[in-house]
Each structure stands twice: as structure tokens, then as C-alpha cells.
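Here the structure is laid out as C-alpha cells; the discussion comes afterwards.
In what follows, chains are A, B, ... by sequence order, proteins preceding strands, each numbered from 1. Everything quoted here is computed from the prediction, not taken from an experiment.
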Protein chains: 2
Amino acid sequence: MTESATLERILPGTATAAVRERKRGIDRVIILLEALFRQRAPMRVGDIARLIGAPRSTTYEIVNRLLEADMLETVGTDGHVYFGRAMHLFGWAYSHHNAHYPRIIETLDRLAAESGETVQLCSLRGNKYVVLDCRDSAGPFRISSQVGVEVPIPWTASGRLLLSHMDDDAVRAFIPPEDYRLPDGRMLPQDEFLAAIALARQQGYSESAALADRFTWCLAAPILDGRGAMTLTLCFVLPVDTPEARRIELLALLRERAASLDLVGN
Amino acid sequence: MTESATLERILPGTATAAVRERKRGIDRVIILLEALFRQRAPMRVGDIARLIGAPRSTTYEIVNRLLEADMLETVGTDGHVYFGRAMHLFGWAYSHHNAHYPRIIETLDRLAAESGETVQLCSLRGNKYVVLDCRDSAGPFRISSQVGVEVPIPWTASGRLLLSHMDDDAVRAFIPPEDYRLPDGRMLPQDEFLAAIALARQQGYSESAALADRFTWCLAAPILDGRGAMTLTLCFVLPVDTPEARRIELLALLRERAASLDLVGN
DNA sequence: GCGACGTGTCTAGTATATCGGACAAATAAT
DNA sequence: ATTATTTGTCCGATATACTAGACACGTCGC
């Protein structure tokens with residue numbers, strides 16, 4: 001008491017500077033899992049604690065409970081932990097809840113095998129675009145993509161399709177302003193983006209060149225769910241110098257396969 | 001019974017659901033997710049609360065937090081919830097942490113495509129056997145298997161392989177006595193089981209007929225991890241009347257493909 | 001040898017998350 | 001129409017989960 005009072009007098013603001021507010025276990029868990037996912041590699045408990053700003057003792061407590069539940073598992077011998085088997089099963093349950101998911105994956109596989117190109121299954125997560133699964137091209141200059149990394153929607157061809165159920169105002173409210181800034185620094189005019197969405201809606205597909213990066217040409221086609229909404233897209237990620245004839249051929253293939261997966265009209 | 005014994009390991013306190021004691025949020029979350037997984041279908045919040053023995057108000061609180069975090073998502077319009085996108089991504093991260101996982105899945109796909117039979121990727125979860133992924137045969141009398149359902153290890157061919165790193169005492173300690181009772185009521189003598197494990201270890205594969213049910217003949221071959229341990233198996237689930245010549249052919253194919261996935265010596 | 005650092009476990013105290021119960025609104029049953 | 005259930009939200013009280021800090025131990029580097 002005297003001690004802390006003295007400390008406060010000597011170092012004014014220390015107490016408030018170290019405002020590490022108490023948090024619920026459930027919140028810690030969510031933050032922890034998200035952090036582990038972003039890291040994409042096993043971590044030690046101490047590092048996790050530092051990364052998520054949680055007390056070490058709390059972090060040990062939570063990690064140990066999650067280990068028990070198989071949601072995490074130890075990796076190697078020096079205290080690294082990563083996602084566990086339960087996560088695999090829960091994720092599997094999520095995917096396969098849609099009874100048509102196996103068909104979608106089969107289509108993904110076949111498109112990749114037949115074309116030799118990179119193919120992605122895409123969707124939204126909140127107001128960001130994510131790749132749910134992908135098959136990377138086998139070529140020497142492979143274009144690969146990370147599953148689960150969140151990307152601003154305006155950077156993507158699929159994003160234009162996935163927003164096509166929204167009107168202009170909804171889109172304006174949905175997309176954070178900074179997401180219009182492309183990776184190369186250019187700002188994508190909002191009107192242009194809205195027009196691209198309208199075009200995608202009308203055409204039933206979307207195409208974009210050198211958007212997220214200078215090297216890729218993306219083709220995207222929607223998979224309609226039972227209510228006719230576009231919640232998933234299939235997407236080719238091609239080298240930007242792919243000949244036009246080939247692109248047209250692949251687009252036709254993509255649209256045909258995607259349409260065959262639609263759940264409306266069976 | 002076996003099920004609740006395992007459950008008790010992962011979800012301490014479930015069996016004594018009659019006693020309504022205060023619990024941590026993190027425990028509720030774990031119990032909730034496991035319950036949802038076992039249900040294998042979207043549930044309403046009220047039903048979840050009843051199933052896991054939690055107060056309604058608490059359940060709402062937790063479900064809403066998990067919805068925010070995308071670990072759950074609403075399904076349909078009448079308040080059903082099920083696993084969310086975050087689970088898919090975490091599960092994906094788990095699977096693909098092993099850099100060879102895509103090769104394993106590719107092998108699974110090819111085996112299924114070439115043979116037309118049901119193929120499974122199997123492992124252990126605690127002291128139970130689980131199917132991590134599978135490709136069901138396309139035939140009219142399809143033998144399908146549920147991913148994630150826990151099964152007593154003695155019921156399975158793969159189980160004999162997955163225990164082959166243990167000595168007899170370790171196995172005796174590991175397998176709950178009731179797990180030796182087969183689905184048809186027969187008791188599998190422990191000695192017989194231990195001998196089968198020794199045989200599997202020596203042969204490098206395992207074969208079992210009419211074990212888990214009267215209709216299937218299982219062939220299992222191990223995938224060795226970097227330290228030479230068998231933590232995964234590939235497995236054919238064949239109709240029990242498959243001709244011997246065909247079984248021999250498939251076993252050879254399975255062993256060859258599984259061996260090509262071994263991480264030791266490569 | 002020594003100090004600096006990280007790890008994993010434990011404990012006591014308090015800020016607060018959980019719980020029971022009440023509520024209005026919506027659905028179902030009679 | 002009336003009654004009986006269920007749903008989703010809110011609130012005050014208190015049991016306790018979370019936190020700070022100490023501890024013993026192992027491992028560096030020098």
C-alpha cells in the first residue's frame with residue numbers, strides 16, 4: 001500500500017500506463033486462436049502471452065485447457081503449440097454441413113487437374129475476402145495463394161460477384177474507405193468499383209487484370225446457394241500474359257462448372 | 001459406456017449434468033462446441049442450453065460471442081446455429097501445418113478414384129479411433145463412414161497399426177475394458193488383440209474382416225511421420241465379399257501409396 | 001563461477017463473469 | 001380466445017476466474 005503509493009508518486013501514470021484490463025477467458029480464447037492463425041506456425045506459450053497481451057499465468061491456464069480439449073496440440077518437444085485435431089473436425093463439420101461441399105471440392109480438383117492452373121474457392125468473412133480452399137498450379141512459376149488470409153474486397157474479381165446482391169448504398173456502407181487503396185498505392189475510384197459490381201451482376205462472372213498484383217489475371221464465377229445468393233465463387237488465378245484465346249476457353253469452363261454446382265433449380 | 005467415458009475426458013463434468021454448478025466461460029465453450037459436433041446439425045440456443053446443462057442466459061451470452069468471432073454462424077431464419085467460417089480456417093491450418101498434408105489428400109483422392117472403393121484417412125483421438133477424412137465409394141451399395149465419430153480402437157484394423165509403437169502393458173493400460181466388446185456383443189479376447197497388434201507391427205499392414213460390422217473387410221496401411229511413428233493410416237473399407245484376388249491387389253496398391261507418403265527416408 | 005533470462009507452477013485477493021429470475025414478445029397448443 | 005411454451009434480453013448479487021507476483025528450475029552467455 002505504502003509501496004504502491006510511493007511508486008505512484010515517483011512514477012506518475014505507471015498504474016494507468018500499464019492498463020492491462022482484465023478480460024474474460026472466452027475473449028482470451030478467441031484472441032489467442034485468431035493470433036495463432038495469423039502466425040500460421042506453432043508458438044510457445046510465452047510468445048503467445050506477449051503477442052496477445054495477456055498475463056503469462058492466464059495464458060498457461062487457457063492453453064492447458066485448450067490442449068485438454070484437443071483444440072490445441074503440442075508440436076515438437078520445446079513447448080510449441082498449434083491447432084489440434086478437434087479444430088480439424090469442427091472445420092470439417094462446417095464445410096460438410098452444406099451437403100454439396102464434396103461436389104464443390106471435386107469440381108475444384110477437376111478444374112485444377114484439367115487446366116493445370118491455380119483454382120480457388122472464395123467467399124467473404126465479415127467485410128473481407130478470403131480464400132476457403134485452393135489448388136495451386138503445378139507449373140514452374142506457380143502462383144499460389146494462402147487460404148484464410150483476409151484481403152480487401154475491392155482487390156479481387158470474386159469480390160465483385162460476392163457483393164452483387166447489394167445495392168450501391170449498401171456497398172458504400174460495407175467497404176471501409178481504406179480498402180479502396182490497392183497494393184500498389186493507387187486508389188480505386190468508388191464509382192468504378194460500383195460499376196464493376198453492376199457489370200459482374202449482369203454478366204454472371206467477373207474478370208480482373210493486375211488488380212491485387214501486377215502478375216495475375218483473375219476469372220471468377222459464382223456458385224448460387226439454395227436461395228439464389230452468391231456466397232461462394234470459383235476463381236482461376238492466371239499469369240497475366242495468358243493468351244486471350246486460352247482465357248476465353250478457361251472462362252467458359254469455369255462458368256459451366258460453377259453453374260453445375262448451383263443449388264437453385266438443382 | 002465408452003462414449004461418455006471419452007466425453008468425460010474432454011468434457012469433465014458432463015456426466016454429472018444433474019449438478020448445476022457455476023462454470024467458466026471457456027469450459028462452456030468447449031462443451032458447447034463438442035456437443036454441436038456430436039449433434040452434427042445446427043441447433044437452437046435453447047436446445048443447446050438444455051443439452052449442455054447451462055443456464056439459458058449464459059448460453060445466449062456465449063453463443064453471441066462465438067457468432068461475433070465467426071466460430072459459429074446462424075443457419076436459416078429460426079435461430080439455428082452451427083460452426084462458422086473461422087472453424088474451417090483453423091481446421092485448415094491444423095491439417096496443412098503438416099506440409100505433406102496436400103500430398104496425403106491427393107493420394108486419398110487418387111486411391112478412391114482408381115479403385116472406386118471407400119478410402120479413409122484414420123488416426124487416434126485420445127484412446128479412440130477417428131476417421132479424419134474419407135472418400136466414399138460410388139457404388140450402389142456404398143459403404144460410407146462418418147468423419148470424426150469416435151470408435152473403440154479394437155474394432156478397427158487401423159487401430160492395430162496405430163498402437164504398434166506400444167508394448168503390451170501400455171496397450172492394456174490404454175484401452176478401456178469395455179472397448180473390447182464388439183458391436184455384435186462378442187468380447188474380443190485381449191490376448192488376441194495384442195497378438196493382432198504384434199502381427200500388424202511385423203507385417204506393416206493390418207487386415208480385418210467383419211469386425212466393426214458384418215459387411216466390411218478393412219485393409220489398413222501406415223503413414224510414417226518424420227520420427228518413424230505411425231500416427232496416420234490409410235484404409236480401404238471393402239464389402240466383405242470382395243474376391244481375394246482383388247483384395248490382394250488393393251492391399252498392394254494401398255501399401256505402396258502409403259509408403260510413398262512416409263516422411264522418414266525422404 | 002555469475003548474472004540475465006525464460007519456463008512452468010502455485011497462491012491469494014478482488015474485479016467481474018456467471019447465474020437465477022423476471023420480462024415482453026412471439027409461437028404453439030387447446 | 002385463452003393458455004402454455006419458447007425466445008431473446010436485461011439486471012443485481014455473489015461465487016470465482018483472472019491477475020499479479022513469487023517461486024524453483026533450466027539454460028543460456030561469458
5'-most contact on DNA chain C (nearest-nucleotide basis), A:D47 vs A:I26, goes to A:D47
Under the 6.0 Å and 45° cation-pi test, does A:R103 pair with A:Y101?
-> no
A:E61 CD to C:dT9 P: how many Å, rounded?
-> 11 Å
Would you indicate which nucleotide in C:dC19, C:dC10, D:dG8 comes nearest to any side-chain atom of B:V45?
-> D:dG8
Examine B:R40 relative to B:F37 and say whether NZ or CZ is less than 6.0 Å from the centre of the six-membered ring and inside a 45° cone about the ring axis.
-> yes
Of the nucleotides C:dA17, C:dT9, D:dC18, which has the atom closest to the A:N64 side chain?
-> C:dT9
For B:F90, the option from A:Y82, A:W92, A:F83, A:F90 that meets ring-ring contact (aromatic ring centres under 6.0 Å, His included) = A:F83
Of C:dC19, D:dA20, C:dT7, the nucleotide closest to the side chain of A:Y60 is C:dT7
Under-4.0 Å side-chain N/O to phosphate OP1/OP2 contact, B:T58 with C:dC19 | yes
Take atom CG of B:D78 and atom C1' of D:dG8, then tell me their distance rounded to the nearest Å.
-> 14 Å
Any donor-acceptor pair under 3.5 Å joining the side chain of B:R56 to the base of D:dG8?
-> yes
Salt bridge present between B:R24 and A:E61 (N-O < 4.0 angstrom) = yes
Below 3.5 Å, does any donor atom in the side chain of B:R22 face an acceptor in the base of D:dT16, or the other way round?
-> no
Atom-to-atom span, CG of B:L67 to P of D:dG8 - whole angstrom = 11 Å
Atom CD1 of B:I62 and atom C1' of C:dA17 are separated, to the nearest Å, by 10 Å
Short N-O contact, B:E68 and B:R65, less than 4.0 angstrom | yes
Could you pick out which residue, B:R44 or B:S57, lies toward the 5' side of DNA chain D when each is mapped onto its nearest nucleotide?
-> B:R44
Can you tell me the distance, in whole Å, between the CE atom of B:M43 and the P atom of D:dG8?
-> 13 Å
Please state how far atom CZ in B:R28 lies from atom C1' in D:dT16, giving the value in whole angstrom units.
-> 13 Å
Whole-Å distance separating the NZ atom of A:K23 from the P atom of D:dT19 | 9 Å
Could you give the CD1-to-C1' distance, from A:I31 to D:dC18, as a whole number of Å?
-> 14 Å
Taking for each residue the nucleotide of DNA chain D bearing the nearest heavy atom, is the 5' side occupied by B:G46 or by B:G25?
-> B:G46
